[in-house]
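Working notes for the structure below.
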Amino acid sequence: MKIATFNINGVNGRLPLLLRWLAEAEPDVVCLQELKAPQERFPESAFREAGYGAVWQGQKSWNGVAILARGADPVETRRGLPGEPEDVQSRYIEAAVNGVLIGCLYAPNGNPAPGPKFDYKLRWFARLKAHAAELLALDAPVALVGDYNIIPTELDVYKPERWTDDALFRREARVVFEELTASGWSDALRTLHPEERLYTFWDYFRNAWGRDAGLRLDHILLNPTLAARLRAAGVDRAVRAQEKASDHAPAWVELGRAGSRRSKASKP
DNA sequence: ATGACTGCTAACAGCAGA
């Protein structure tokens, strides 16, 4: 099973690019963020024609998340994080796909920090952490996938000193990510590439892509059941080089079949 | 420290993004 995450930055404006990537990469599950489309303007039929069922939570102008599943209809289990019913921003949707529970998230950016937007980011992550703890208690394969808007370490940013006080890299944000990974969630790309500089975002300014001035913001966190099945992980950087590209590139993991754990000796 | 790009909305400029 191949699971990918892609901050598409406008699902309608970039639909041709997205459909090309789906045909080439053939992910089984895709978590999309920044749809920037209201619920009724999500291009469901185009995905259906491409072989993907979908669930989505749209919003006018900003935010918006979706889960696509190849040859299947995701079974929605939740939309929105618990804990702040007055929060109307579309940033979380969760669904079961072929027995795997997928949480698709788009975390708040949080800039400028400090300030009310950063406070909202921290509250949102407190809610995510609480929900993640509940998911960890389940006896099921679970992945928390999406744009976390957190640069986890200095290895994940082209120039750490320039980002010290930014909401993406401030201590409070990095601590959230450390707590999630310490509590049992595996950062899949970093697990398989412990030393490599991996980026998933290059901003549109200052020729960031041309200079490879990137950030790693998009993460695939696996619970222990799925981490045991992790086989490969990467970033489809070529997508960022295309005309009319999103400022993010897709990140993905390949998982082995259930019961195919290879790190432990298996019975003959 | 600032501004540079881009999409969306629809006001042909402003907001948000990261």
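Only this structure's heavy atoms are used, side chains among them; waters, hydrogens and symmetry mates stay out. In what follows, chains carry the letters A, B, and so on, assigned in the order in which the sequence lines appear, proteins first and then strands, with residues in each chain numbered from 1.
Comparing A/A245 and A/Q89, the nucleotide of DNA chain B nearest to each residue sits closer to the 5' end for A/A245. Each of A/L215 and A/R162 was matched to the nucleotide of DNA chain B holding its nearest heavy atom; the match closer to the 5' end belongs to A/R162.
Using bins of under 30°, 30° to 60° and over 60° for the plane-to-plane angle, the ring pair A/F42/A/F47 lands in the tilted bin.
The CG-P distance, from A/N9 to B/dG7, rounds to 7 Å in whole Å. As rounded to whole Å, 13 Å separates atom C1' of B/dA10 from atom CZ of A/R41. To the nearest angstrom, P of B/dA16 lies 17 Å from CG of A/D166. In this structure, A/F205 places its CZ atom 10 Å from C1' of B/dA16, rounding to the nearest Å. At whole-Å resolution of the value, CG in A/L17 and P in B/dG7 are 11 Å apart. Look at CG on A/N7: it is 13 Å from C1' on B/dA16, rounded to the nearest Å. Here B/dA16 presents its P atom at 12 Å from CZ of A/R91, a figure rounded to the nearest Å. A/H248 has its NE2 atom 15 Å from the P atom of B/dT6, to the nearest Å.
Heavy atoms of A/F169 sit nowhere under 4.0 angstrom from any nucleic acid atom. Nucleic acid contact class of A/N149 (heavy atoms, under 4.0 Å, all strands): sugar-phosphate only. Contacts of A/N12 with the nucleic acid, taken as non-hydrogen atoms under 4.0 Å apart, are absent. A/D165 comes within contact range of no nucleotide atom at all, as no heavy-atom separation falls under 4.0 Å. Using a 4.0 Å heavy-atom cutoff across all strands shown, A/K121 reaches no nucleic acid atom at all.
Between the C1' atoms of B/dA1 and B/dT6, the separation comes to 23 Å (whole Å). Taking atom P on both B/dC8 and B/dG3, the two are 25 Å apart, rounded to the nearest angstrom. Comparing B/dT2 with B/dG7, their C1' atoms are spaced 22 Å from each other, to the whole Å. Atom P of B/dA10 sits at a distance of 15 Å from the matching atom of B/dC15, rounded to the whole Å.
The pair A/R127-A/D87 counts as a salt bridge, with a side-chain nitrogen and a carboxylate oxygen less than 4.0 angstrom apart. With respect to the salt-bridge test (charged N to carboxylate O, under 4.0 angstrom), the residues A/R79 and A/E94 do not qualify.
Within the structure, every side-chain polar atom (N or O) of A/K36 is placed at least 4.0 Å from both OP1 and OP2 of B/dG17. Listed pair A/R14 / B/dG7 meets the phosphate criterion, a side-chain N or O lying under 4.0 Å from OP1 or OP2. The side chain of A/K60 places an N or O atom within less than 4.0 Å of a non-bridging phosphate oxygen (OP1 or OP2) of B/dA10.
Considering only side-chain atoms of A/P38, the nucleotide from B/dA4, B/dT9, B/dC5 that sits closest is B/dT9. Comparing B/dC5, B/dG3, B/dA16 by their closest approach to the side chain of A/R206 singles out B/dG3. Listed nucleotides B/dG3, B/dG17, B/dT9 differ in distance to A/S61; the shortest reach to its side chain belongs to B/dT9.
A cation-pi arrangement, defined by a distance under 6.0 Å to the six-membered ring centre and an angle within 45 degrees of its axis, is absent between A/R78 and A/Y92. With a 6.0 Å cutoff to the six-membered ring centre and a 45° limit on the axis angle, A/R174 counts as a cation-pi contact of A/F169.
A/F177 has its ring centre no less than 6.0 Å from the ring centre of A/F125.
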